[in-house]
Chemist: 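Okay, handing you the structure first.
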Amino acid sequence: MARISLAQLNEWWGNCGFDEMADILGYKFYEFSPEDGYQEYVDFCDNWWDSLTYSDKLSVYKDYN
């Protein structure tokens with residue numbers, strides 16, 4: 001199997017929907033402010049993702065694909 005690049009992992013994350021993010025993080029979008037299309041939830045999830053190492057991101061990707 002070819003190595004999955006960081007760009008590919010980030011692209012996959014960027015295409016995750018609210019349901020997938022909820023499965024991964026355990027938080028539901030409706031627990032956050034609905035303002036701006038739940039931007040607070042998206043920011044929370046993206047900040048979590050950005051805090052992960054490449055190895056951690058790869059592990060999450062493999063767990064949910």
Chemist: Over all heavy atoms of both residues, which pair between Arg3 and Gln8 is shortest? Give the atoms and the distance, please.
Modeler: O-OE1, 3.9 Å

Chemist: As an exercise, state the distance from CD1 of Ile24 to CG of Asp19, rounded to the nearest 0.5 Å.
Modeler: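 That separation rounds to 11.0 Å.
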
Chemist: Just list the side-chain donor-acceptor pairs under 3.5 Å for residues 36-43, sequence neighbours left out, or say none.
Modeler:
residue: Gln39; atom: NE2; partner: Asp43; partner atom: OD1; Å: 2.7
residue: Glu40; atom: OE1; partner: Ser33; partner atom: N; Å: 2.9
residue: Tyr41; atom: OH; partner: Ala22; partner atom: N; Å: 3.3
residue: Tyr41; atom: OH; partner: Tyr27; partner atom: O; Å: 2.8

Chemist: Checking Trp12 now: which residues fulfil ring-ring contact (aromatic ring centres under 6.0 Å, His included) with it, not counting sequence neighbours?
Modeler: Trp49, Tyr61

Chemist: Quick one, Asp56 with Thr53, criterion side chain to side chain donor-acceptor pair (under 3.5 Å). Give me CA distance, side-chain angles, the key distance, then yes/no.
Modeler: CA-CA 5 Å; Asp56 292 336; Thr53 64; 3.2 Å; yes

Chemist: Return yes when atom OH of Tyr30 has more than 12 non-hydrogen atoms of other residues, nucleotides or ligands closer than 6.0 Å, and no otherwise.
Modeler: no

Chemist: Nearest heavy-atom pair of Val60 and Trp48: which atoms, and what distance?
Modeler: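 Distance-wise, the nearest heavy atoms are CG2-CH2, 4.0 Å.
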
Chemist: Measuring from atom CD of Glu11 to atom CD1 of Ile4, what distance do you get when rounded to the nearest 0.5 angstrom?
Modeler: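 One finds 12.0 Å between CD of Glu11 and CD1 of Ile4.
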
Chemist: side-chain contact (heavy atoms from CB on, under 4.5 Å) with Asp23: which residues, sequence neighbours excluded?
Modeler: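 Residues passing side-chain contact (heavy atoms from CB on, under 4.5 Å) with Asp23: Tyr64.
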
Chemist: CD/Glu20 to CG/Asn65 distance, rounded to the nearest 0.5 angstrom?
Modeler: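 That separation rounds to 8.0 Å.
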
Chemist: Nearest heavy-atom pair of Asp50 and Lys57: which atoms, and what distance?
Modeler: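 Smallest heavy-atom distance, with atoms named: CA-NZ, 4.4 Å.
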
Chemist: For Cys45 and Trp13, run side-chain contact (heavy atoms from CB on, under 4.5 Å): C-alpha distance rounded to whole Å, both residues' side-chain angles, the deciding distance at 0.1 Å, then the answer.
Modeler: CA-CA 10 Å; Cys45 294; Trp13 178 255; 3.8 Å; yes

Chemist: For Asn47, I'd like to know if atom CG has over 12 heavy atoms of other residues, nucleotides or ligands within 6.0 Å.
Modeler: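 Check passes, neighbour count above 12.
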
